[in-house]
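Okay, so here's the structure we're looking at.
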Amino acid sequence: QVQLVESGGGLVQAGGSLRLSCAASGRTFSSYAMGWFRQVPGKEREFVSTISRSGGSTYYADSVKGRFTISRDNAKNTVNLQMNSLKPEDTAVYYCAARRTNIGSYYYIDKNDYNYWGQGTQVTVSS
């Protein structure tokens, strides 16, 4: 089992940057593919980015491609989301998620594939 805690959210002006971090408990962090999702009130939680357990494979939603970068440090049990050129439409609560997998190169886009979730961190981008 793994517990996830996000940090790094806040208020930023359009065009600015934020770096979200997700700290995971446990000694088997490298066994989990990780993902970032976001949600605004009244809407479904949507996929943002994902990274394989090895860190060698990543995938992004079209809406963030070229602006966001996901990375992980298995030695520190963390996964990060660097968000640049932020837009007001990026405003949401951002969630970190984990999915245990035996395949190092796999990542997961569907929120239903993830077993563990953090509590979320608010990102607000002002225009």
Side-chain angles (χ1 to χ4, degrees):
Q1 196 165 358
V2 63
Q3 292 182 321
L4 307 172
V5 178
E6 302 96 335
S7 61
L11 173 64
V12 64
Q13 288 188 333
S17 299
L18 281 175
R19 183 177 177 87
L20 303 184
S21 292
C22 175
S25 64
R27 295 175 292 177
T28 59
F29 178 70
S30 60
S31 298
Y32 292 85
M34 301 298 295
W36 285 97
F37 292 76
R38 64 188 183 187
Q39 189 170 22
V40 297
K43 291 192 175 181
E44 291 280 323
R45 191 168 297 188
E46 69 170 7
F47 167 77
V48 175
S49 183
T50 180
I51 188 166
S52 62
R53 51 179 277 185
S54 68
S57 299
T58 60
Y59 190 79
Y60 299 90
D62 287 343
S63 58
V64 306
K65 200 172 295 181
R67 300 188 297 122
F68 291 11
T69 302
I70 191 171
S71 61
R72 67 186 296 162
D73 185 336
N74 286 343
K76 296 183 178 179
N77 284 16
T78 57
V79 60
N80 301 305
L81 186 68
Q82 178 66 43
M83 306 187 296
N84 298 329
S85 302
L86 282 161
K87 305 175 181 180
E89 51 263 44
D90 294 318
T91 296
V93 177
Y94 283 71
Y95 295 91
C96 173
R99 151 71 185 251
R100 192 177 181 95
T101 176
N102 292 325
I103 305 174
S105 60
Y106 271 27
Y107 52 68
Y108 301 88
I109 297 171
D110 189 336
K111 60 182 182 292
N112 296 313
D113 286 329
Y114 287 87
N115 310 107
Y116 304 100
W117 294 85
Q119 83 289 350
T121 185
Q122 176 71 47
V123 171
T124 303
V125 184
S126 63
S127 57

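In what follows, residues are counted from 1 in the order of the sequence shown.
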**Q.** Residues Glu46, Lys111: salt bridge by 4.0 Å N-O rule
**A.** no
Q. Do we see a donor-acceptor contact under 3.5 Å between the side chains of Glu89 and Thr91?
A. no
Q: Evaluate the side-chain proximity of Gln82 to Ser71: yes if any heavy-atom separation is below 4.5 Å, no if none is.
A: no
Q. Between Val125 and Gln13, does a side-chain contact (heavy atoms from CB on, under 4.5 Å) hold up when you go through it step by step?
A. CA-CA 5 Å; Val125 184; Gln13 288 188 333; over 6 Å; no
(Q) Would a single hydrophobic cluster contain both Ile70 and Tyr32, if residues Ile, Leu, Val, Met, Phe, Trp and Tyr are joined by side-chain heavy-atom contacts under 4.5 Å? (A) yes
Q.
With rounding to the nearest 0.5 angstrom, report the OG to CE distance, Ser49 to Met34.
A. 11.5 Å
Q) So, do Met83 and Thr69 sit near enough that their side-chain heavy atoms are less than 4.5 Å apart? A) no
Q: Sequence neighbours left out, what pairs pass ring pair (Phe, Tyr, Trp, His ring centres under 6.0 Å) with at least one residue falling in residues 80-107?
A: Tyr59-Tyr107
Q.
Ignoring hydrogens and geometry beyond distance, is a side-chain donor-acceptor pair present between Asp73 and Thr78 at under 3.5 Å?
A. no
Q. Under the side-chain contact (heavy atoms from CB on, under 4.5 Å) criterion, do Val79 and Cys96 qualify, and how do the steps go?
A. CA-CA 8 Å; Val79 60; Cys96 173; 3.8 Å; yes
Q: Let me see the working for Val64 and Arg38 under side-chain contact (heavy atoms from CB on, under 4.5 Å), right down to the final yes or no.
A: CA-CA 12 Å; Val64 306; Arg38 64 188 183 187; 3.9 Å; yes
**Q.** Distance, nearest 0.5 Å, that separates CZ of Arg53 from OG of Ser30
**A.** 6.0 Å
(Q) Using 0.5 Å steps for rounding, measure from the CG atom of Asn77 to the OG atom of Ser25. (A) 8.0 Å
Q. Just checking, Arg99 and Tyr114: is the charged tip under 6.0 Å from the six-membered ring centre and within 45° of the axis?
A. no
Q: Examine Tyr108 and Val48 and state if one hydrophobic cluster contains both, with Ile, Leu, Val, Met, Phe, Trp and Tyr joined whenever side-chain heavy atoms are less than 4.5 Å apart.
A: no
Q) Can you check whether Val93's main-chain N or O pairs, donor with acceptor, with Gln39's side chain at less than 3.5 Å? A) no
Q: With rounding to the nearest 0.5 Å, note down the distance linking CG in Asn115 to CD in Gln1.
A: 10.0 Å
Q. What is the minimum heavy-atom distance between Ala14 and Ser127, and which atoms define it?
A. CB-CA, 4.4 Å
Q: Could you point out which residue of Leu81, Leu20, Asn84 forms a side chain to side chain contact (heavy atoms under 4.5 Å, CB included) with Phe68?
A: Leu81
Q. Is the number of heavy atoms from other residues, nucleotides or ligands under 6.0 Å of Lys65 NZ greater than 12?
A. yes
Q) Hey, does the side chain of Ser52 reach the backbone of Ser57 with a donor-acceptor pair shorter than 3.5 angstrom? A) yes
(Q) Can you tell whether the side chains of Asp90 and Lys87 come within less than 4.0 Å, N to carboxylate O? (A) no
Q. More than 12 non-hydrogen atoms from neighbouring residues, nucleotides or ligands closer than 6.0 Å to CG on Asp110, yes or no?
A. yes
Q. Honestly curious: do Trp36 and Trp117 fall in one hydrophobic cluster under the side-chain, below-4.5 Å linking rule?
A. no
Q: Could you tell me if the ring centre of Phe47 sits under 6.0 Å from that of Tyr60?
A: no
**Q.** Ser54 to Gly104 - nearest heavy-atom pair and separation
**A.** OG-O, 3.2 Å
Q.
Tell me whether the count of non-hydrogen atoms from other residues, nucleotides or ligands lying under 6.0 Å of CD in Gln3 goes above 12.
A. no
Q) Between the main-chain N or O of Val5 and the side-chain N or O of Gln119, is there a donor-acceptor pair closer than 3.5 Å? A) no
Q.
Using every non-hydrogen atom in the two residues, find where Val2 and Ala24 come nearest and quote the distance to one decimal.
A. CG2-CB, 3.7 Å
Q. Under a 4.5 Å side-chain heavy-atom rule over Ile, Leu, Val, Met, Phe, Trp and Tyr, are Phe37 and Leu18 clustered together?
A. no
Q | CD1-CZ distance between Ile51 and Arg72, expressed to the nearest 0.5 angstrom | A | 6.0 Å
